[in-house]
Amino acid sequence: MTNWLPDISNGTGPVYIRVADSIENAITHGVLPPGTKLPPQRNLAYDIGVTIGTVSRAYALVHERGLVAGEVGRGTYVLERANGKQIEQVDPITQALAGTRGLEAPGDKIRFDTTAAPDIGQGEVIGRLFADISRDHQTEISSYSRNFPANWFRAGQVWLARNGWQPAIETIVPTLGAHAAAIAVISAVTSPGDKIVFENLTYTQVSRATRLLGRRSVLVDSDEHGIIPDDFERLCQQQHPRLAFLMPTTHNPTLVTMPEARRRAIAAIARRHSVWLIEDDLYGGMTEDQNPLMAAIAPERTFLVSGLSKSVTAGVRGGWVACPQHFAQRIKVTHKMTTGGLPFILAETCARLVLGGHALALRRQAVEEIRAREQLAREALSGFEFTSHPHVPFLWLKLPEPWLSGTFKNAALAEGVLVDDEDEFKAARTDKAYHRVRVAFSSPPRRDDVASGFMILRHLLDNGSAGYDSHI
């Protein structure tokens with residue numbers, strides 16, 4: 001075992017990334033040659049004055065970079081370089097933007113780290129639509145989309161409608177998915193330096209993108225009912241945010257659904273402090289939640305975004321945003337500036353999927369497949385604490401002692417399963433620890449693969465400290 005210690009005095013990023021970068025630098029320059037055993041996490045944490053969780057995340061990161069491997073009962077060892085080639089450097093800024101996922105997912109793992117709609121035969125439907133559109137619109141698909149057909153807006157009006165509420169068609173903007181819709185809204189109604197409210201845990205692809213846009217993230221506390229109104233009020237009074245990003249129905253990753261009274265309280269606070277709201281409703285139509293949309297409660301300040309990615313198909317990048325009155329044109333222009341514009345064949349395909357009834361039928365099939373897979377999770381993980389919903393393609397798993405989120409993710413990866421640790425969903429630096437991982441199960445092509453992945457995770461959980469010790 002080496003007496004080497006990482007140098008974390010340089011850099012301004014998270015400490016665990018600095019530790020990982022120092023390990024990688026030492027490996028690259030031969031200070032830690034192949035076969036070297038890294039210090040136990042507890043020892044290293046003590047020696048450099050950080051928490052064991054910080055070191056655990058650092059070790060998980062260098063494991064994802066393919067630099068080290070854990071061996072049961074022996075510890076963590078530096079690997080041989082592939083074909084003697086220099087290890088590719090990943091700069092800290094790139095890594096921070098990428099989150100805790102690897103920049104490229106390994107092709108030989110069970111993917112429990114994506115919530116795209118399951119494959120239920122939508123490729124055949126989309127293929128037929130592509131053929132029809134190519135035949136009917138040869139000129140349009142060879143040029144830029146400068147004029148948007150009326151059916152693109154009608155499709156958004158239909159898809160975003162829920163619980164007796166339907167947006168006016170003049171408020172609809174077709175987009176390249178819900179993510180692009182959210183970024184267009186943030187770009188349009190905020191300026192560099194403005195503060196955006198996110199929950200401690202959230203869909204961080206949006207929060208990271210806001211940093212690229214020069215906006216600042218501020219965190220609001222949540223409980224089992226969603227955002228806590230008193231903390232949102234405090235934040236509005238002290239930080240003066242410009243916008244808040246919300247997932248009131250089936251929050252990702254916690255699966256919390258905000259009750260109506262809480263929604264109305266949040267809307268009232270946003271009105272008092274002139275805060276815009278983005279309501280991400282990607283899972284709403286799948287869960288059949290009966291609570292009113294924030295867009296129905298506060299239509300004058302809520303941008304409702306949704307799309308096809310989770311329930312129909314992710315590959316055609318279909319999405320829409322319903323805007324407050326008089327904002328649609330601004331969002332349309334901003335979306336074009338931030339994305340380059342809508343490809344005709346994709347937008348037309350999404351419109352035909354919705355207006356032809358295909359999207360609704362495919363969503364029903366997807367929900368049935370998700371229901372079957374969620375039942376597999378209940379059977380395989382019986383006895384362990386987790387939150388799930390029979391219509392939603394992920395669960396939020398509580399880890400028993402002594403597992404840490406990053407360590408469990410590392411152990412699962414070594415066993416051939418990709419899951420997301422809790423840090424993947426933290427919108428900004430926080431001391432809060434949840435000791436959970438998100439396990440998504442819509443991506444594997446067959447239910448047998450899903451069942452195998454669940455059993456691998458069950459084995460790790462059952463082994464407890466033995467499995468933990470082999471990955472520290």
Inset, instruction - Fit a plane to each ring of F153 and F148, take the angle between them on a 0 to 90° scale, and name the class: parallel (under 30°), tilted (30 to 60°) or perpendicular (over 60°). - result: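 If you compare the ring of F153 with that of F148, the planes turn out tilted.
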
Inset, instruction - On the 0 to 90° scale, with breaks at 30° and 60°, tag the H179-Y203 ring pair as parallel, tilted or perpendicular. - result: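 H179 and Y203: perpendicular rings.
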
Centroid-centroid under 6.0 Å between [X] and [Y] rings:
| X | Y | value |
| --- | --- | --- |
| W276 | F303 | yes |
| F441 | F112 | no |
| F386 | F394 | no |

Taking atom [atom1] as the centre, does [X] end up with more than 12 heavy-atom neighbours from other residues, nucleotides or ligands that are less than 6.0 angstrom away?
| X | atom1 | result |
| --- | --- | --- |
| E124 | CD | no |
| D223 | CG | yes |
| Y144 | OH | no |
| K336 | NZ | no |

For a 4.5 angstrom cut-off between non-hydrogen side-chain atoms, does [X] reach [Y]?
| X | Y | value |
| --- | --- | --- |
| E279 | R263 | yes |
| N252 | F425 | yes |
| I269 | C236 | yes |
| D423 | S405 | no |
| V354 | W320 | yes |
| K195 | L243 | no |
| R128 | V125 | yes |
| V305 | D281 | no |

Please determine if [X] and [Y] form a salt bridge, counting it only when a charged side-chain N lies under 4.0 Å from a carboxylate O.
| X | Y | answer |
| --- | --- | --- |
| R234 | D230 | no |
| D113 | K409 | no |
| R371 | E374 | no |
| R373 | E379 | no |

From [X] [atom1] over to [Y] [atom2], what is the distance, rounded to the nearest 0.5 angstrom?
| X | Y | atom1 | atom2 | answer |
| --- | --- | --- | --- | --- |
| Q166 | L293 | CD | CG | 12.0 Å |
| S388 | L395 | OG | CG | 6.0 Å |
| C350 | L176 | SG | CG | 8.5 Å |
| Q138 | I133 | CD | CD1 | 13.0 Å |
| L460 | M455 | CG | CE | 11.0 Å |

Say whether, by atom type as modelled, one donor and one acceptor occur between the side chain of [X] and the main chain of [Y] under 3.5 angstrom.
| X | Y | answer |
| --- | --- | --- |
| S145 | F344 | yes |
| T302 | L304 | no |
| S143 | E140 | no |

Legend entry - CA sep, side-chain torsions, deciding dist, call: E170, K332, salt bridge (charged side-chain N to carboxylate O under 4.0 Å, His left out): CA-CA 12 Å; E170 66 270 16; K332 181 180 177 183; over 6 Å; no

Inset, instruction - State whether F198 and K426 meet the cation-pi test: NZ (Lys) or CZ (Arg) under 6.0 Å from the six-membered ring centroid, and within 45° of the perpendicular axis. - result: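 No, a cation-pi geometry is absent between K426 and F198.
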
Legend entry - Ring-face cation of R436 near W403 (centre distance under 6.0 Å, axis angle within 45°):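 No - R436 does not lie over the ring of W403 by the 6.0 Å and 45° rule.
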
Inset, instruction - Mind listing the closest non-hydrogen atom pair of A184 and T334 along with its distance? - result: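 So the minimum-distance heavy-atom pair works out to O-CG2, 3.3 Å.
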
Inset, instruction - Compute whether any side-chain donor of one residue and acceptor of the other, for T313 and Q122, lie under 3.5 angstrom apart. - result: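 No, no side-chain donor-acceptor pair sits under 3.5 Å.
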
Inset, instruction - Evaluate the salt bridge (charged side-chain N to carboxylate O under 4.0 Å, His left out) criterion for residues E422 and K432: first the C-alpha distance (whole Å), next the side-chain angles of each, then the deciding distance (0.1 Å), finally the verdict. - result: CA-CA 10 Å; E422 64 188 44; K432 292 182 180 294; over 6 Å; no

Inset, instruction - Could you give me the CA-CA distance, side-chain angles and deciding distance for Q325 and T171, then say whether side chain to side chain contact (heavy atoms under 4.5 Å, CB included) is met? - result: CA-CA 6 Å; Q325 287 289 340; T171 69; 3.8 Å; yes

Inset, instruction - Take V417 and K109, measure what side chain to side chain contact (heavy atoms under 4.5 Å, CB included) needs, and give me the verdict at the end. - result: CA-CA 5 Å; V417 180; K109 309 294 183 183; over 6 Å; no

Legend entry - Intermediate values then yes/no, side chain to side chain contact (heavy atoms under 4.5 Å, CB included), D289 and R162: CA-CA 9 Å; D289 171 49; R162 206 154 64 75; 4.0 Å; yes

Legend entry - Given T257, T115, T250, the one that forms side chain to side chain donor-acceptor pair (under 3.5 Å) with Y283: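 Single side chain to side chain donor-acceptor pair (under 3.5 Å) partner of Y283 among T257, T115, T250: T115.
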
